[in-house]
Amino acid sequence: MLDHDGVSGVIVETEAYHDSEPACHAYVGLTARTRPLFGEPGHAYVYRSYGIHALVNAVCEEEGVGAAVLIRALEPLAGVERMRARRGLTRLEELCSGPGKLTQALDVELELNEADLLDSPLRILPPPADRPAPELVVGTRIGIRKAAELPWRFCARGNRNVSKPWPPGLGVAPRRGNAATRVG
DNA sequence: CATGGGATTGACT
DNA sequence: GTCAATCCCATGC
């Protein structure tokens, strides 16, 4: 789970990025922006997307390798009222079902770039002990133009908090309400 | 120093 | 389906 000051959710969707492929910011090598990606694993890489959103990654691999996992969706666990206040929405599945949504819900901003995810206000922790490990649905990454064919998106099967477009085989029925989505 | 392109979202046709 | 909002930073002159 990802926790920021007591507001938290179980990670239900991720994407992998690696300096060997051009969709990764680290592909350009070591720069001011990519320094965290090449740094110590277990730290955050937070960057501004489209001038609007902060997106959060967990840096992976040894120092010198530019790699990270983008956290794309959470299932809200604690602090749901603070999430609702920050998001201006009430429906649970709308609070953290996207990489920009979850940073808004958890109030993750650029100042948390390079934060130690094991020992800082922003932490990655084990999921609740009574929670079974999810089955994973693998798909291609969302919103990128380069290396778009790599199957490096991982979603928890059957979880409604996964961002759209839902990958094939997620196992969640579309919301009903119109004839086009109704089955038999 | 000027430019351009996003690992997105929400509103609108 | 289309489109704008708006920041950071890599790149090129």
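Residue numbering restarts at 1 for every chain, and letters A, B, ... go by the order of the sequence lines. Note that the structure is predicted; figures quoted are calculated from it, not measured.
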Touch check for L55(A), heavy atoms < 4.0 angstrom, all strands: base, sugar-phosphate only, or nothing?
sugar-phosphate
Comparing L102(A) and K146(A) on DNA chain B - which has the more 5′ nearest nucleotide:
K146(A)
Decide yes or no for L95(A) and K101(A): does some side-chain heavy atom of the first lie under 4.5 Å from some side-chain heavy atom of the second?
no
Does the side chain of H18(A) reach to within under 4.5 Å of the side chain of V65(A), using non-hydrogen atoms?
yes
Do R84(A) and L92(A) have side-chain heavy atoms sitting under 4.5 Å apart?
yes
Under 4.5 Å between any side-chain heavy atoms of L106(A) and M83(A), yes or no?
yes
How many whole angstroms separate atom NZ of K164(A) from atom C1' of dG10(B)?
13 Å
Within the structure shown, what part of the strands sits under 4.0 Å from R153(A) by heavy-atom distance: base, sugar-phosphate, or nothing?
nothing
Between atom OH in Y27(A) and atom P in dG6(B), what is the gap in whole Å?
14 Å
Protein-proximity profile, nucleotides 1-13 of chain C, B/S/- by nucleotide at the 4.0 Å heavy-atom cutoff, equals ----BBBSSSS--
Gap between atoms CD1 and C1', on I142(A) and dA7(B) respectively (whole Å)
10 Å
Is the backbone N or O of L170(A) less than 3.5 Å from a side-chain atom of R157(A), with the two atoms forming a donor-acceptor pair by type?
no
Under the criterion of centre distance below 5.5 Å and interplanar angle below 30°, is Y17(A) classified as stacked on the base of dA7(B)?
yes
In whole angstrom, give the distance that lies between atom CD of E94(A) and atom C1' of dA11(B).
14 Å
Would R87(A) and Q104(A) count as having a side-chain donor-acceptor pair, cut-off 3.5 Å?
yes
Without decimals, in angstroms, what is the distance between R145(A) CZ and dT8(B) C1'?
15 Å
Protein-nucleotide distance (R86(A), atom CZ; dG10(B), atom P), rounded to Å
16 Å
Output every pair passing salt bridge (Lys or Arg N to Asp or Glu O under 4.0 Å) with a member in residues 39-68 of chain A, not counting sequence neighbours, ordered by first then second residue.
R48(A)-E109(A)
Which nucleotide, if any, forms a Watson-Crick or G-U wobble pair with dT8(B), using both distances under 3.5 Å?
dA5(C)
